[in-house]
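The block underneath contains the structure these notes are about, expressed in C-alpha cells.
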Amino acid sequence: MKSIHIAEIIKNQDISENIYDMTILVPEIAKEAKAGQFINVYTGKGEYILPRPISICGIDEEKGTIRMVFQVVGKGTELFSALKAGDTVKVLGPLGNGYDISEKHENNVLIGGGIGVPPLLELAKRLEGKKYVFIGARTNPILVDEFKALGAEVYVATDDGSEGFKGNSVQLVREINPVVDAIYSCGPKIMLKAVADWAEEKGIKAQVSMEERMACGIGACVGCAVKIKKEGESDWSNLKVCKDGPVFLSNEVVWNE
Ligand SMILES: Cc1cc2nc3c(=O)[nH]c(=O)nc-3n(C[C@H](O)[C@H](O)[C@H](O)COP(=O)(O)OP(=O)(O)OC[C@H]3O[C@@H](n4cnc5c(N)ncnc54)[C@H](O)[C@@H]3O)c2cc1C
Ligand code: FES
C-alpha cells in the first residue's frame with residue numbers, strides 16, 4: 001500500500017551533466033515496489049509544494065533501498081540535487097502500475113530515451129530471456145555499463161552522433177531489427193509513438209511508460225490525463241497516468257490527439 005515515508009539519503013552523486021544518482025533508505029517501499037513504478041518526492045519547501053514524480057531505477061529489498069536517477073530541469077530537481085548522504089527526504093510510494101512481466105518471453109527489446117532510461121534498468125534485472133537494450137540520449141547516454149553487466153546486448157544512439165548511432169533509439173532499433181517477442185519502453189511521448197508504430201508493424205503490443213506532467217500524483221486531480229481506448233471499447237476515455245499508468249499498452253494509447 002502506498003504511504004508517505006521519511007527516507008534517509010544513502011547516496012546522491014552526479015553521474016553525468018545535470019544527472020544525479022540517488023539511493024534512499026525506505027524499506028516499506030523497497031519491499032513492495034515493481035519495475036516501472038515511481039515515487040513522489042517532496043521538496044520540503046512550501047513554495048514548491050507539489051511532489052515531483054521520479055521513476056524507480058533500482059530496488060534492493062534486502063538493504064531496504066530505492067535508487068532514482070534524475071535530471072535537474074527546474075527548482076524541485078535542483079533542490080534534490082543538493083541533498084547529501086544523511087539528509088532526509090519525504091517520499092510517497094510505490095505509485096503506478098509498473099511493467100507487467102508475468103508472461104515470459106525469449107527476446108525482450110527495451111527502448112529508452114533520455115531520462116526514460118532509468119526504470120528500464122530494474123526491469124532488465126527482472127526479465128528472463130535475451131535482452132536487447134536501446135539507449136537514446138541527446139549527447140551522453142546513461143547507465144550503459146550497468147545494462148551490459150546484466151548480460152544485455154546494448155545499443156546506443158545520440159542525436160549528435162557523439163556516441164554510437166547518430167539518431168534516436170527507435171531509428172536504431174529499426175536499423176538493428178532485433179528478433180522481438182516483447183517490447184518495453186520509456187521516454188518522451190514522440191519517441192513512444194515511434195515505438196508504438198514499430199510494435200504495430202511487428203504485430204506486438206508494446207508496454208510504454210508515459211511521462212505526463214503531474215500535479216497531485218495520486219489520482220485526485222486530472223492533471224495527468226491521457227486518452228486510452230481499451231480493446232473492445234467503442235470510444236476512448238481519459239485515464240490517469242499516475243494511477244492507471246504510467247505503463248500502458250501501445251495500441252491502447254490514442255496518440256494523435
Ligand atoms: C511517472 C514519471 C516518472 C518520471 N521519472 C523521472 C525520472 O526517473 N528521472 C527524471 O529525471 N525525471 C523523471 N520524471 C520527470 C520529473 O518528474 C520532472 O522532471 C520533475 O517533476 C521536474 O520538476 P522540477 O521542479 O525540477 O521542474 P519544473 O520547474 O516543474 O519544470 C521544469 C521543466 O521540466 C518540464 N517537466 C516537468 N515535469 C515534466 C514531465 N513529467 N515530463 C516532461 N517534462 C516535464 C517542465 O515542462 C519544464 O519545462 C518523471 C515524470 C513522471 C510523470
Ligand atoms: S496527477 Fe493528479 S490525477 Fe494524476
Side-chain angles (χ1 to χ4, degrees), residues 2 12-24 29 33-59 66-83 89-99 110 112-124 135-138 140-143 146-147 184-193 207-228 237-248 253:
K2 59 177 184 279
N12 190 23
Q13 65 186 47
D14 56 331
I15 53 167
S16 185
E17 206 189 334
N18 279 331
I19 304 219
Y20 286 77
D21 185 351
M22 179 190 279
T23 301
I24 58 172
I29 296 183
K34 294 196 301 181
Q37 288 189 298
F38 65 96
I39 59 180
N40 267 343
V41 186
Y42 293 81
T43 63
K45 301 270 179 212
E47 65 270 43
Y48 308 108
I49 196 161
L50 289 176
R52 271 52 180 174
I54 304 288
S55 301
I56 293 172
C57 169
I59 304 163
I66 290 287
R67 178 184 180 195
M68 297 170 278
V69 171
F70 63 92
Q71 183 173 23
V72 175
V73 294
K75 196 66 198 171
T77 44
E78 189 191 323
L79 287 163
F80 302 153
S81 72
L83 294 169
V89 68
K90 189 164 98 173
V91 294
L92 172 70
L95 299 171
N97 56 358
Y99 293 101
L110 286 67
I115 207 63
V117 174
L120 299 179
L121 189 63
E122 182 60 36
L123 175 69
I135 299 178
R138 273 199 197 123
N140 294 315
I142 54 169
L143 306 173
E146 293 192 57
F147 281 103
Y184 310 86
S185 189
C186 185
K189 198 166 183 180
I190 189 163
M191 187 203 101
L192 298 181
K193 163 78 170 81
Q207 293 187 44
V208 294
S209 180
M210 313 284 288
E211 268 183 37
E212 278 305 315
R213 289 223 66 178
M214 288 184 186
C216 71
I218 52 166
C221 69
V222 281
C224 63
V226 62
K227 285 181 182 169
I228 300 290
S237 49
N238 269 325
L239 294 193
K240 295 167 177 176
V241 171
C242 64
K243 195 161 169 269
D244 307 306
V247 180
F248 295 97
V253 179

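Ligands are counted one by one from 1 in listed order, and the atoms in each one are counted from 1 as well. Side chains are part of it too, since the values below use all heavy atoms of this structure and drop only hydrogens, waters and symmetry mates.
- Numbered from 1 in the order shown, with element, the atoms of ligand 2 that lie under 4.0 Å from a heavy atom of Gly219 read 3 (S).
- Regarding atom 29 (O) of ligand 1, its nearest protein heavy-atom neighbour is Gly74 CA, 3.8 Å.
- In this structure the side chain of Asp21 reaches within 4.5 angstrom of the side chain of Arg67, judged on heavy atoms.
- At the top of the distance list for atom 3 (S) of ligand 2, counting protein heavy atoms only, stands Cys221 O, 2.6 Å.
- Within a 4.0 Å radius of atom 8 (O) of ligand 1, the protein contributes at least one heavy atom.
- Counting heavy atoms closer than 4.0 Å to ligand 1, residue Lys75 contributes backbone atoms (N, CA, C, O) but none from C-beta onward.
- Protein heavy atom in closest approach to atom 21 (O) of ligand 1: Arg52 CG, 3.1 Å.
- Using a 4.0 Å cut-off between heavy atoms, Val69 contacts ligand 1 through its backbone alone, with no side-chain atom that close.
- For atom 17 (O) of ligand 1, the candidate residues are Pro53, Pro188, Cys242; the nearest heavy-atom contact is made by Pro53.
- When non-hydrogen atoms are compared, ligand 2 lies under 4.0 Å from neither the backbone nor the side chain of Ala225.
- The shell of residues lying under 4.0 angstrom from ligand 1, judged by heavy atoms, includes Met214.
- Shown in contact with Ala215 at under 4.0 Å from a heavy atom are these atoms of ligand 2, numbered in order with element: 1 (S).
- Between the side chain of Gln207 and the backbone N or O of Val247 there is no donor-acceptor pair closer than 3.5 Å.
- No option in Leu143, Asn140, Asp14, Ile115 other than Ile115 meets the side chain to side chain contact (heavy atoms under 4.5 Å, CB included) test with Ile19.
- Atoms of ligand 2 lying under 4.0 Å from any heavy atom of Lys240, numbered from 1 in the order shown and given with element: 3 (S).
- Counting atoms of ligand 1 from 1 in the listed order, those under 4.0 Å from a heavy atom of Phe70 are 9 (N), 10 (C), 11 (O).
- Between Pro53 and Asn40 the shortest side-chain heavy-atom distance falls below 4.5 Å.
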- Would you sort out whether Thr43 and Lys75 count as a side-chain contact (heavy atoms from CB on, under 4.5 Å), showing the intermediate values? CA-CA 9 Å; Thr43 63; Lys75 196 66 198 171; over 6 Å; no

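- Listed by number with element, the atoms of ligand 1 under 4.0 angstrom from any heavy atom of Glu212 are 41 (N), 53 (C).
- Residues Val222 and Asn238 fail the side-chain proximity criterion, which asks for heavy atoms closer than 4.5 Å.
- Contact of the Val117 side chain with the Val69 side chain is not registered, since no non-hydrogen atoms from C-beta on lie closer than 4.5 Å.
- Side-chain contact between Leu92 and Tyr42 is present, with at least one heavy-atom pair separated by less than 4.5 Å.
- Atoms of ligand 1 found under 4.0 Å from any heavy atom of Thr77, numbered from 1 in the order shown, are 24 (P), 25 (O), 26 (O).
- Under the 4.0 Å distance rule, the nearest protein heavy atom to atom 53 (C) of ligand 1 falls inside the cut-off.
- Annotation: side chain of Ile66 is not in contact with side chain of Val91 (no heavy-atom distance under 4.5 Å).
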- side-chain contact (heavy atoms from CB on, under 4.5 Å) between Val72 and Phe80: does it pass, once the steps are laid out? CA-CA 8 Å; Val72 175; Phe80 302 153; over 6 Å; no

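- Where the criterion is an N or O separation shorter than 3.5 Å, residue side chain and backbone included, Phe38 fails it with respect to ligand 1.
- Closest to atom 10 (C) of ligand 1 among all protein heavy atoms lies Ile115 CG1, 3.2 Å.
- In summary, the atoms of ligand 1 found under 4.0 Å from a heavy atom of Gln71, numbered by their order in the structure, are 10 (C), 11 (O).
- Among all non-hydrogen protein atoms, the one lying nearest atom 43 (C) of ligand 1 is Glu211 O, 4.1 Å.
- Around the CD1 atom of Ile190, the shell of radius 6.0 Å holds no more than 12 heavy atoms that belong to other residues, nucleotides or ligands.
- The nearest N, O or S atom of Cys216 is closer to atom 2 (Fe) of ligand 2 than 2.8 Å.
- Within the 4.5 Å cutoff, side-chain heavy atoms of Tyr99 are placed close to those of Cys186.
- Residue Ser55 touches ligand 1 through backbone and side chain together, judged by heavy-atom distances below 4.0 Å.
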- Item | Derivation of the side-chain contact (heavy atoms from CB on, under 4.5 Å) call for Glu211 and Leu192 | CA-CA 10 Å; Glu211 268 183 37; Leu192 298 181; over 6 Å; no

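- Ranking the protein heavy atoms by distance from atom 31 (O) of ligand 1 puts Arg213 NH2, 3.9 Å first.
- The residues Lys189 and Glu212 are annotated as salt-bridged, a charged nitrogen and a carboxylate oxygen being separated by less than 4.0 angstrom.
- Looking at heavy atoms from C-beta onward, Asn97 lies in side-chain contact with Pro246 at the 4.5 angstrom threshold.
- Between Tyr20 and Phe70, the two ring planes are parallel [angle under 30°; tilted spans 30° to 60°].
- Distances below 4.0 Å separate heavy atoms of Gly217 from the following atoms of ligand 2: 1 (S), 2 (Fe).
- Close approach to Ala220 involves these atoms of ligand 2, each under 4.0 Å from a residue heavy atom: 3 (S).
- Proximity of Val241 to ligand 1 is not established, as no heavy-atom distance is less than 4.0 Å.
- Closest to atom 18 (C) of ligand 1 among all protein heavy atoms lies Val73 CG2, 4.5 Å.
- Here the angle at atom 4 (Fe) of ligand 2 defined by SG in Cys242 and SG in Cys224 stands at 100°, rounded to 10 degrees.
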